[in-house]
Amino acid sequence: MAGGVATATHIYTDTAGSPYTITANYGGDANFAGSSGSDTQTVNQAATTATVSSSPDPSVVGESVTVTAAAVTFDFGDGSPTVNGTLSGGVATVTHPYATTTGSPFTITATYAGDGDFAGDTATDTQTVNQAATTATVSSSPDPSVVGESVTVTAAAGTTAATVSGGVATATHPYTTTTGSPFTITAAYGGDTDFAGDTATDTQVVEAA
């Protein structure tokens with residue numbers, strides 16, 4: 001106590017019970033009788049400043065992106081369902097793989113609905129998704145073959161003469177001569193909006209029938 005006044009500080013961590021009753025008691029001394037006084041303190045929700053970030057940015061198609069925010073509901077901006085994250089130390093983290101570049105850069109929205117102690121808020125970030133690299137491979141069988149025998153050529157990624165299914169294209173071809181053997185087989189994938197193009201080669205030995 002100084003000059004007849006005592007001061008103390010206190011941090012309220014919850015709105016539950018607000019308004020709180022503050023009571024000050026003075027026990028008295030040889031010169032002054034004891035007394036008691038009270039006041040009320042209203043504690044409202046604290047404001048929330050939501051932030052959101054993603055990493056790596058840019059990413060490529062199929063790569064998992066880690067999204068971190070002081071929020072609990074995430075909208076990734078690509079039409080996929082929203083995901084709820086659990087707050088820990090005021091931060092929620094989730095991962096999400098983008099399946100296409102269409103719509104990139106995507107807007108990520110993090111929404112915190114609020115609770116009894118903190119007001120809700122919303123934050124946004126953008127995520128750029130680029131083409132994923134393609135590693136083309138090509139093989140032929142049987143190798144060696146003989147003149148007129150059908151050779152099956154299989155490429156991972158695609159060829160100019162076959163349809164890609166599950167990342168693999170297959171075509172057959174009969175070689176009609178040994179002249180030029182071993183032949184170089186080239187598989188070329190032109191790429192699309194999500195995957196970059198690539199080229200691979202193999203050799204096919206053709207012997208006399």
Side-chain angles (χ1 to χ4, degrees), residues 1-134 167 192-196:
M1 183 178 292
V5 176
T7 302
T9 59
H10 177 71
I11 299 171
Y12 288 90
T13 60
D14 201 334
T15 61
S18 177
Y20 297 94
T21 299
I22 304 170
T23 302
N25 294 308
Y26 176 58
D29 58 20
N31 299 317
F32 296 93
S35 64
S36 176
S38 64
D39 190 18
T40 59
Q41 175 67 35
T42 299
V43 179
N44 295 326
Q45 287 178 319
T48 301
T49 301
T51 60
V52 60
S53 62
S54 56
S55 179
D57 187 11
S59 61
V60 297
V61 170
E63 181 178 10
S64 287
V65 175
T66 299
V67 183
T68 303
V72 293
T73 301
F74 296 90
D75 184 334
F76 301 105
D78 59 354
S80 62
T82 59
V83 172
N84 292 329
T86 301
L87 284 172
S88 176
V91 174
T93 301
V94 296
T95 58
H96 178 71
Y98 285 89
T100 180
T101 62
T102 304
S104 177
F106 298 94
T107 299
I108 301 171
T109 303
T111 303
Y112 176 58
D115 57 22
D117 298 327
F118 295 93
D121 198 16
T122 299
T124 61
D125 189 26
T126 57
Q127 175 68 32
T128 300
V129 179
N130 296 326
Q131 287 178 319
T134 300
D192 58 20
T193 56
D194 298 329
F195 296 92

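Bear in mind that the values here come from a model prediction, so they are computed numbers and not experimental data. We're numbering straight along the sequence, starting at 1. Heavy atoms only: backbone and side chains are in, while hydrogens, waters and symmetry mates are out.
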Examine distances only and state if a side-chain atom of D125 and a backbone atom of S54 form a donor-acceptor pair shorter than 3.5 Å. yes
If you round to the nearest 0.5 Å, how far is CG of N25 from OG of S35? 8.5 Å
Shortest non-hydrogen contact from Q127 toward S59: NE2-OG, 3.1 Å
Test side chain to side chain contact (heavy atoms under 4.5 Å, CB included) applied to T100 and V61, step by step: CA-CA 6 Å; T100 180; V61 170; 5.6 Å; no
Shortest non-hydrogen contact from S64 toward P56: O-CD, 3.9 Å
Partner of T73 by side chain to side chain donor-acceptor pair (under 3.5 Å), out of N84, T111, T82: N84
With sequence neighbours left out, the residues meeting side chain to side chain contact (heavy atoms under 4.5 Å, CB included) with D192 are Y189, D194, F195
Mind listing the closest non-hydrogen atom pair of A196 and A133 along with its distance? CB-CA, 4.5 Å
For the pair S18 (side chain) and V43 (backbone), establish whether a donor and an acceptor sit closer than 3.5 Å, ignoring hydrogens and angles. yes
Taking the side chain from T101 and the backbone from T193, do they hold a donor-acceptor pair closer than 3.5 Å? yes
Distance (rounded to the nearest 0.5 Å) between F74 CZ and T109 OG1: 11.0 Å
Shortest non-hydrogen separation from T42 to P19 and the atoms involved: OG1-CB, 3.7 Å
Side-chain touch D14/Y20, heavy atoms, less than 4.5 angstrom: yes
Where at least one partner belongs to residues 80-110, residue pairs that pass ring pair (Phe, Tyr, Trp, His ring centres under 6.0 Å), sequence neighbours excluded: F76-H96, H96-Y98, Y98-F106
When rounded to the nearest 0.5 angstrom, what is the spacing between CD1 in I108 and CG in D78? 9.0 Å
Can you tell me if T93 uses its side chain to pair, donor with acceptor, with the backbone of T68 under 3.5 Å? no
Would V67 and V52 satisfy side chain to side chain contact (heavy atoms under 4.5 Å, CB included), going step by step from the backbone distance to the final call? CA-CA 7 Å; V67 183; V52 60; 3.7 Å; yes
Over all heavy atoms of both residues, which pair between L87 and A92 is shortest? Give the atoms and the distance, please. CD2-N, 4.0 Å
